[in-house]
Amino acid sequence: MSERGTIDDFLDPEANSLRGIAGWLDEIIDLYAACINAALDKLAIRSIPLLKDYSLEITVTIFNRLLLQNAAALARLKILQRYVDARIRGARSGVSVFSNSTSIDTFAVRYYHQSEELQLRKRMIEHDASCELSMRVNDLRYKSSCYEHLTRDIDALTCDRYMDPRGSIRHDENGCHKCMKVQERKRLCVEIHEWPLPDDANHAAVVMFEFGAPTTFKM
């Protein structure tokens with residue numbers, strides 16, 4: 001396209017008007033998207049009041065780029081700015097709801113300590129893990145006892161041998177009692193038990209939160 005064509009298009013009232021409408025629509029869409037996010041934030045706080053202690057992760061200045069002229073849109077923008085400003089001022093300083101920390105101020109840790117459901121689930125997990133651990137310990141004791149008995153039997157035995165038709169002494173590979181005991185001892189095994197939750201209480205709380213984070217928080 002020539003330079004003259006570009007200037008003509010720019011000076012064309014109809015083309016210029018369309019550009020203005022497109023820009024206005026973009027700003028209105030941005031404003032309404034922000035309003036929807038604010039509404040979702042209100043619903044989330046109503047469901048999880050603890051969220052009020054954590055910032056929206058945005059600043060009021062994010063709205064400065066919106067050059068609105070419509071009175072209704074400007075009124076909505078002011079309401080939105082006041083809401084965001086109030087949320088920021090009411091939140092704890094320096095604490096993010098998305099923090100990966102396991103400190104006592106972490107949202108996941110605080111939510112866990114306020115959730116009877118998550119605490120009950122943790123107790124159930126720990127109870128099941130304790131029962132399994134007890135079974136594994138008993139199995140270990142039993143297998144250890146078997147190992148000791150087999151070792152004593154193996155030490156007391158000698159390999160079974162026989163004389164073949166040619167007069168040679170051979171080892172009875174299939175029926176040797178000592179070798180059978182050795183193979184039986186080799187088959188002894190125990191399963192390693194791993195505790196399902198971290199030892200650190202706060203870390204365990206974060207894991208439990210990840211297991212049962214509320215649907216509102218995941219939105």
Side-chain angles (χ1 to χ4, degrees), residues 44-45 47-55 57 91-92 94-219:
I45 290 176
S47 176
I48 312 172
L50 184 61
L51 282 171
K52 197 171 184 179
D53 290 345
Y54 297 85
S55 175
E57 307 291 332
R92 292 188 175 192
V95 182
S96 171
V97 72
F98 303 111
S99 172
N100 292 323
S101 170
T102 57
S103 70
I104 195 64
D105 290 325
T106 301
F107 175 79
V109 175
R110 295 182 64 202
Y111 182 88
Y112 165 80
H113 287 297
Q114 293 184 8
S115 172
E116 294 183 2
E117 180 182 352
L118 289 184
Q119 293 176 43
L120 175 60
R121 184 180 297 186
K122 181 174 181 286
R123 289 194 295 271
M124 292 173 63
I125 291 174
E126 290 174 334
H127 176 267
D128 292 344
S130 295
C131 292
E132 184 178 352
L133 177 60
S134 179
M135 292 173 59
R136 296 285 176 84
V137 170
N138 290 335
D139 183 61
L140 175 61
R141 290 171 179 168
Y142 171 74
K143 298 290 179 59
S144 297
S145 177
C146 290
Y147 187 92
E148 292 175 0
H149 281 89
L150 287 169
T151 300
R152 285 196 295 268
D153 291 344
I154 292 168
D155 292 341
L157 293 171
T158 56
C159 284
D160 297 334
R161 301 182 183 279
Y162 66 95
M163 184 179 292
D164 66 10
R166 296 182 179 182
S168 299
I169 304 299
R170 296 188 177 279
H171 177 230
D172 185 2
E173 295 181 355
N174 296 322
C176 178
H177 289 79
K178 180 172 183 175
C179 291
M180 291 172 63
K181 293 282 186 181
V182 170
Q183 292 302 317
E184 184 180 353
R185 186 176 66 177
K186 285 183 179 180
R187 288 193 295 270
L188 290 175
C189 64
V190 292
E191 296 184 32
I192 297 175
H193 179 268
E194 295 185 8
W195 195 255
L197 296 173
D199 294 333
D200 179 75
N202 287 347
H203 193 181
V206 171
V207 171
M208 292 307 306
F209 176 80
E210 292 172 352
F211 284 158
T215 304
T216 307
F217 181 79
K218 298 177 181 179
M219 291 176 60

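Here the structure is a predicted model, which means the values were calculated and not measured. Only heavy atoms go into these numbers, but all of them, side chains included; no hydrogens, no water, no symmetry mates.
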Using only atom types and a distance under 3.5 Å, with no angle test, would you say the side chain of His149 pairs donor to acceptor with the backbone of Ser145? yes

OG of Ser115 to NE2 of His113, rounded to nearest 0.5 Å, is 11.0 Å

Across all chains, not counting sequence neighbours, the side chain to side chain donor-acceptor pair (under 3.5 Å) partners of Thr106 are Ser103

- Task: Could you walk me through whether Asp155 and Arg152 pass the side chain to side chain contact (heavy atoms under 4.5 Å, CB included) test, one step at a time?
- Result: CA-CA 5 Å; Asp155 292 341; Arg152 285 196 295 268; 5.7 Å; no

Those residues at least two apart in sequence (or on a different chain) that pass salt bridge (charged side-chain N to carboxylate O under 4.0 Å, His left out) with Lys143 are Asp139

Q: With side chain to side chain contact (heavy atoms under 4.5 Å, CB included) as the test, would you mind laying out the steps for His171 and Cys179 before giving the verdict?
A: CA-CA 10 Å; His171 177 230; Cys179 291; 3.4 Å; yes

When Lys186, Met180, Lys181 are each screened for side-chain contact (heavy atoms from CB on, under 4.5 Å) with Gln183, the one that passes is Lys186

CD (Glu184) and CD1 (Ile154) are apart, to the nearest 0.5 Å, by 8.5 Å

For Asn202 and Thr102 the tightest heavy-atom approach is CB-O, 2.9 Å

Scanning both residues in full, the closest heavy-atom pair of Leu51 with Ile45 reads CB-CG1, 4.1 Å

By side chain to side chain donor-acceptor pair (under 3.5 Å), His177 pairs with (sequence neighbours left out) Asp160

Taken to the nearest 0.5 Å, the spacing of Ile48 CD1 from Asp53 CG works out to 12.5 Å

Between the CZ atom in Arg185 and the CD atom in Glu148, the distance rounded to the nearest 0.5 Å is 11.5 Å

Across all chains, not counting sequence neighbours, the salt bridge (charged side-chain N to carboxylate O under 4.0 Å, His left out) partners of Glu117 are Arg121

Any side-chain heavy-atom pair of Asn138 and Tyr142 under 4.5 Å:
no

In terms of heavy-atom contacts, Gln119 and Tyr112 come closest through NE2-O, 3.2 Å

Rounded to the nearest 0.5 angstrom, the CG-CG distance for Leu140 and Leu188 is 11.0 Å

Scanning both residues in full, the closest heavy-atom pair of Cys159 with Lys178 reads N-CD, 3.9 Å

With a 3.5 Å cut-off and sequence neighbours excluded, list the donor-acceptor pairs that the side chains of residues 128-136 form with protein atoms.
unit_1: Ser130; atom_1: OG; unit_2: Glu126; atom_2: O; d: 2.9
unit_1: Glu132; atom_1: OE2; unit_2: Arg136; atom_2: NH2; d: 2.7
unit_1: Arg136; atom_1: NH1; unit_2: Ile192; atom_2: O; d: 3.1
unit_1: Arg136; atom_1: NH2; unit_2: Glu191; atom_2: OE1; d: 3.2

Residues at least two apart in sequence or cross-chain that pass ring pair (Phe, Tyr, Trp, His ring centres under 6.0 Å) with Phe209, listed by chain then number, are Phe107, Tyr111, Phe217

